[in-house]
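Please read all numbers here as calculations on a predicted model, not as lab measurements.
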Amino acid sequence: MKVTKAIIPAAGLGTRVLPASKSIPKEMLPIVDKPAIQYIVEEAVQSGITDILIITNRGKSPMEDHFDRSPELEERLLASGKRDLYDQIVDVTKIANIQYVRQKETKGLGHAVWCAKSFVGDDPFAVMYGDDVIISDNPVCGQLCKVYDEFGLAVAGIKEVTEEQILKYSSLKTEPIRDNLFKITDMIEKPKKDQVLSLYSILGRCVLPAKIFSILENTKPGAGGEIQLTDAMLQLAYTEGMIGVDYIGTRYDMGNKLGILQASIEVGLKHPEIRVELRKYLKDLVKSL
């Protein structure tokens with residue numbers, strides 16, 4: 001069955017980027033001229049996704065506004081002869097069938113995914129973490145969907161991280177299959193130093209079968225006292241098998257101050273409107289460091 005549904009958990013408080021995230025959802029922080037959430041939605045659409053559910057929380061309504069029509073702004077742009085800008089903001093509202101549901105209690109990523117149960121039904125679905133913008137010529141969600149089509153098993157996007165980072169993420173035990181594909185046989189969320197299985201971690205994307213919901217219903221709170229999606233995925237790995245894809249793409253952690261700056265600079269260096277001036281500015285800046 002083709003994967004045509006995706007959920008984007010975006011209910012986090014964004015405490016790592018305060019005070020900016022006090023009044024602006026971190027998912028709405030811009031990378032050059034588009035908010036982070038738009039990059040994720042565009043990746044989904046480029047991957048063949050037609051229906052998207054964004055998991056929100058109190059204070060996240062600007063995301064809904066961004067993907068909605070704005071008649072006053074549209075009229076002003078047309079009256080000013082700014083047809084290109086008008087087309088851009090209207091196209092965003094037509095990009096996909098986007099729905100929203102609130103996670104009324106912040107109980108972890110596993111609970112956020114569980115909130116999408118009625119949206120998903122019995123279909124396989126992608127999970128695209130709202131903190132993670134991944135830039136690639138070959139959309140990463142699509143890379144995972146292709147592997148799901150081949151194996152019919154849960155698929156996780158994985159990357160190697162540093163020894164320091166692995167303690168904050170998940171650690172995976174893997175076995176090579178071919179090329180950039182691995183069999184995932186074990187995993188642990190936020191391991192202690194003596195629990196690290198490898199430096200491979202699940203980062204940003206996964207594709208799951210609907211049976212994950214019955215597992216989540218019986219998943220007890222894990223690391224941090226939250227319901228961890230990795231704990232439920234581990235059960236899938238044990239009972240059915242799970243594939244890891246060391247995906248091709250550059251990931252930016254939009255819940256991290258440095259990640260936001262890196263995304264803006266690196267995307268800006270490829271942006272047709274500013275790349276020349278930005279490159280010159282950075283070269284001049286480096287001379288003064």
Distance-only check: which donor-acceptor pairs under 3.5 Å involve side-chain atoms of residues 249-265, not counting sequence neighbours?
{"residue": "Arg251", "atom": "NE", "partner": "Asp132", "partner atom": "OD1", "Å": "2.8"}
{"residue": "Arg251", "atom": "NH2", "partner": "Asp132", "partner atom": "OD1", "Å": "3.0"}
{"residue": "Tyr252", "atom": "OH", "partner": "Glu266", "partner atom": "OE1", "Å": "2.5"}
{"residue": "Asp253", "atom": "OD1", "partner": "Arg16", "partner atom": "NH2", "Å": "3.3"}
{"residue": "Asp253", "atom": "OD1", "partner": "Gly255", "partner atom": "N", "Å": "2.9"}
{"residue": "Asp253", "atom": "OD2", "partner": "Arg16", "partner atom": "NH1", "Å": "3.1"}
{"residue": "Asn256", "atom": "OD1", "partner": "Leu258", "partner atom": "N", "Å": "2.8"}
{"residue": "Asn256", "atom": "OD1", "partner": "Gly259", "partner atom": "N", "Å": "3.0"}
{"residue": "Lys257", "atom": "NZ", "partner": "Arg16", "partner atom": "O", "Å": "2.8"}
{"residue": "Ser264", "atom": "OG", "partner": "Ile260", "partner atom": "O", "Å": "3.2"}

Look only at the side chain of Ser170 and the backbone of Ile202, and say whether a donor-acceptor pair between them is shorter than 3.5 Å.
yes

Non-hydrogen side-chain atoms of Ile55 and Phe119 separated by less than 4.5 Å:
no

Identify whether Val147 and Ile158 are in the same connected component of the hydrophobic contact network (ILVMFWY, side-chain heavy atoms under 4.5 Å).
no

Nearest 0.5 angstrom please: Thr4 OG1 to Ile52 CD1, how far?
10.5 Å

Decide yes or no on side-chain contact (heavy atoms from CB on, under 4.5 Å) for Val196 and Leu167, but give the supporting numbers first.
CA-CA 8 Å; Val196 172; Leu167 305 180; 4.0 Å; yes

With rounding to the nearest 0.5 angstrom, report the CG to CG distance, Leu208 to Leu153.
11.5 Å

Does Tyr169 reach the main-chain N or O of Val161 with its side chain, forming a donor-acceptor pair under 3.5 Å?
no

Going through the checks in order, is the side-chain contact (heavy atoms from CB on, under 4.5 Å) test met by Glu43 and Arg205?
CA-CA 11 Å; Glu43 178 196 330; Arg205 305 288 184 265; 2.8 Å; yes

Linking I/L/V/M/F/W/Y whenever their side-chain heavy atoms sit closer than 4.5 Å, directly or via other members, would Val140 and Ile40 fall into one cluster?
yes

Does Tyr281 belong to the same Ile/Leu/Val/Met/Phe/Trp/Tyr cluster as Val276, with side-chain heavy atoms less than 4.5 Å apart forming each link?
no

Can a donor-acceptor pair be found, under 3.5 Å and without considering hydrogens, that links the side chain of Tyr148 to the backbone of Ala126?
no

Would you indicate whether the side-chain heavy atoms of Gln165 and Ser201 approach each other to under 4.5 Å?
no

Is there a path of hydrophobic side-chain contacts, each under 4.5 Å between heavy atoms of I, L, V, M, F, W or Y residues, that connects Leu109 with Ile212?
yes

Between Gln143 and Asn138, is there a donor-acceptor pair closer than 3.5 Å when you use the side chain of the first and the backbone of the second?
yes

Looking at CD of Glu273 and CG of Asp33, how far apart are the two atoms once the value is rounded to the nearest 0.5 Å?
6.5 Å

Ile49 and side chain to side chain contact (heavy atoms under 4.5 Å, CB included): which single residue from Val41, Asn97, Val3 fits?
Val3

Hey, does the side chain of Lys26 reach the backbone of Val17 with a donor-acceptor pair shorter than 3.5 angstrom?
no

With a 6.0 Å cut-off (strictly less than), is the heavy-atom count around CG of Asp194, excluding the residue itself, greater than 12?
yes

Which value, rounded to the nearest 0.5 Å, describes the distance between Ile215 atom CD1 and Leu234 atom CG?
9.5 Å

With side chains defined as the heavy atoms from C-beta onward, is the minimum distance between Pro209 and Leu236 less than 4.5 Å?
yes

Pairs under 3.5 angstrom only: tabulate donor-acceptor contacts from the side chains of residues 175-184 to other protein residues two or more places apart or in another chain.
{"residue": "Arg178", "atom": "NH1", "partner": "Glu150", "partner atom": "OE2", "Å": "3.1"}
{"residue": "Arg178", "atom": "NH2", "partner": "Glu150", "partner atom": "OE1", "Å": "2.8"}
{"residue": "Arg178", "atom": "NH2", "partner": "Glu150", "partner atom": "OE2", "Å": "3.1"}
{"residue": "Asn180", "atom": "ND2", "partner": "Asp246", "partner atom": "O", "Å": "3.1"}

